[in-house]
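Just below is one structure, and these are the notes that go with it.
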Amino acid sequence: MDVILFGPPGAGKGTQASAVVDACGALHLSTGDIFRKHLREGTELGLLAKKFMAGGGLVPDDVVVRIVTSRLGDEDAKSGVLFDGFPRTVRQAELLVDWLVANGREVGVAVNLVVADEVVVGRLSGRRTCSSCGATYHVDHNPPAVVDVCDRCGGPVVQRDDDSVETVKKRIEAYHAQTAPVLDWLRERVPVVDVDADRPIADVRNDVVAAVS
Ligand code: AP5
């Protein structure tokens, strides 16, 4: 099944993704993770994406959609994908749904993580991320067992460059201007389940898993 995990920056999409993967066996596809991998490897795409990510803006649609649709054709993506951070514009949503329909697939459900802007700022400024596997933590709500060491892979846990308060505010502005309208577009076309994401991580997880099961 193809699933969209939707919500503003810091809503908990990355935190909840592994539970969705466990529940429905979908491949986790995070466009942010893909760009960060390219950034680390210093590829042309990484350098291009950096210009937009550093300022809290969105990478252009044609670049994002090309990357996503080329990945969708891979063998491990054929039985279903969990889209995390995509689609982020109505144009991306249109192109995704067109691609899925053309390939005999559909969005089974979009799970919308609902959380207020002020909560998001606190979460992102305290977030720490494994630079090896991308696992996310929070200094207060969800710290790794050993400080700065990833529970999952033992890699170094660091703060993301775009998690400064100033850049987070720009990301939230971009969300309201360009990404929030995607939700209305989705509601007219696919099942959408709203989940209150301003609760303990385990409670949110239960509702997210119920929505995709
Ligand atoms: P991306 O990496 O997708 O960032 P984002 O959407 O801004 O999402 P985040 O990763 O910041 O938040 P999240 O919802 O995953 O929250 P998390 O689980 O980590 O994109 C980065 C950039 O790449 C974009 O700004 C853009 O430039 C570019 N980009 C990516 N995709 C694009 C696209 N499709 N089109 C154009 N450009 C694109 O949780 C956050 C923190 O909160 C963690 O510390 C976590 O431990 C904590 N937390 C989570 N849940 C809870 C809870 N219930 N209670 C308390 N704390 C919690």
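In each ligand, atom 1 is the first atom listed, and ligand 1 is the first ligand listed. Predicted, not measured: the structure shown is a model, and the values here were computed from it.
In terms of protein heavy atoms, atom 53 (N) of ligand 1 is closest to R199 O, 2.7 Å. Annotation: atom 16 (O) of ligand 1 to nearest protein heavy atom, G12 N, 3.3 Å. If you check which protein heavy atom lies closest to atom 52 (C) of ligand 1, you get R123 NH2, 3.2 Å. Of the protein's non-hydrogen atoms, the one nearest atom 43 (C) of ligand 1 is Y137 O, 3.5 Å. Scanning the protein heavy atoms around atom 56 (N) of ligand 1, the nearest turns out to be H141 CD2, 3.4 Å. R88 NH1, 3.1 Å is the protein heavy atom nearest to atom 3 (O) of ligand 1. What sits closest to atom 12 (O) of ligand 1 on the protein, heavy atoms only, is G10 N, 2.8 Å. In terms of protein heavy-atom proximity, atom 45 (C) of ligand 1 is closest to T15 OG1, 3.6 Å.
Although no hydrogens or angles enter the test, the distance criterion places no donor-acceptor pair under 3.5 Å between the side chain of T167 and the main chain of G56. No side-chain donor-acceptor contact under 3.5 Å links D151 to the backbone of P144. Not a single donor-acceptor pair under 3.5 Å links the side chain of N142 to the backbone N or O of H138. Of the possible polar contacts, one joining the Q16 side chain to the I201 backbone as a donor-acceptor pair under 3.5 Å is found. The backbone N or O of P156 sits less than 3.5 Å from a side-chain atom of S131, completing a donor-acceptor pair. Q178 places no side-chain N or O within donor-acceptor distance of the main-chain N or O of E173, the cut-off being under 3.5 Å. Panel note: side chain K13, backbone G7; a donor-acceptor pair is recorded below 3.5 Å. Put simply, the side chain of T179 gets close to the backbone of R88: a donor and an acceptor are under 3.5 Å apart.
Below 4.0 Å from some heavy atom of T31 lie the following atoms of ligand 1, by number and element: 30 (C), 31 (N), 32 (C), 33 (C), 34 (N). Residue A197 approaches ligand 1 through these ligand atoms, each under 4.0 Å from one of its heavy atoms: 53 (N). Close approach of ligand 1 to G14 is summarised as follows: ligand atoms under 4.0 Å from at least one heavy atom of the residue are 13 (P), 15 (O), 18 (O). In the vicinity of L124, heavy-atom distances shorter than 4.0 Å reach the ligand 1 atoms 11 (O), 40 (C). Using a 4.0 Å cut-off to heavy atoms of R36, the atoms of ligand 1 that qualify are 2 (O), 21 (C). Interface atoms of ligand 1 facing H138, defined by a heavy-atom separation under 4.0 Å, are 44 (O), 46 (O). Residue Q92 approaches ligand 1 through these ligand atoms, each under 4.0 Å from one of its heavy atoms: 33 (C), 34 (N), 35 (N), 36 (C). Less than 4.0 angstrom separates some heavy atom of G57 from each of these atoms of ligand 1: 25 (O), 26 (C), 27 (O).
A 4.5 Å side-chain heavy-atom check between V192 and L183 finds at least one atom pair inside the cut-off. Using a 4.5 Å heavy-atom cutoff, the side chains of F86 and V65 are in contact.
Taking a cutoff of 4.0 Å between a charged side-chain nitrogen and a carboxylate oxygen, R105 and D2 qualify as a salt bridge.
Here the shortest heavy-atom pairing between L186 and I4 reads CD2-CD1, 4.0 Å. Heavy-atom minimum distance, L124 versus G10: CD2-CA, 3.5 Å.
Ligand 1 is never approached by G7 to a heavy-atom distance shorter than 4.0 Å. Judged by the shortest distance from any of its heavy atoms, G56 lies outside the 4.0 Å radius around the atoms of ligand 1.
Contacts with ligand 1 closer than 4.0 Å are made by side-chain heavy atoms of V64 only, the backbone lying farther away.
Inclusion of G126 in the set of residues having an N or O under 3.5 Å from an N or O of ligand 1 is not warranted. Considering backbone and side-chain atoms alike, R171 places an N or O below 3.5 Å from some N or O of ligand 1. In terms of polar-atom proximity, P200 is not counted as a contact of ligand 1, lacking any N or O under 3.5 Å from an N or O of the ligand.
For atom 10 (O) of ligand 1, the choice among K13, R91, R127 with the nearest heavy atom turns out to be R127.
Residue pairs satisfying the salt bridge (charged side-chain N to carboxylate O under 4.0 Å, His left out) criterion with at least one member in residues 115-139, sequence neighbours excluded, are listed as follows: R127-D163.
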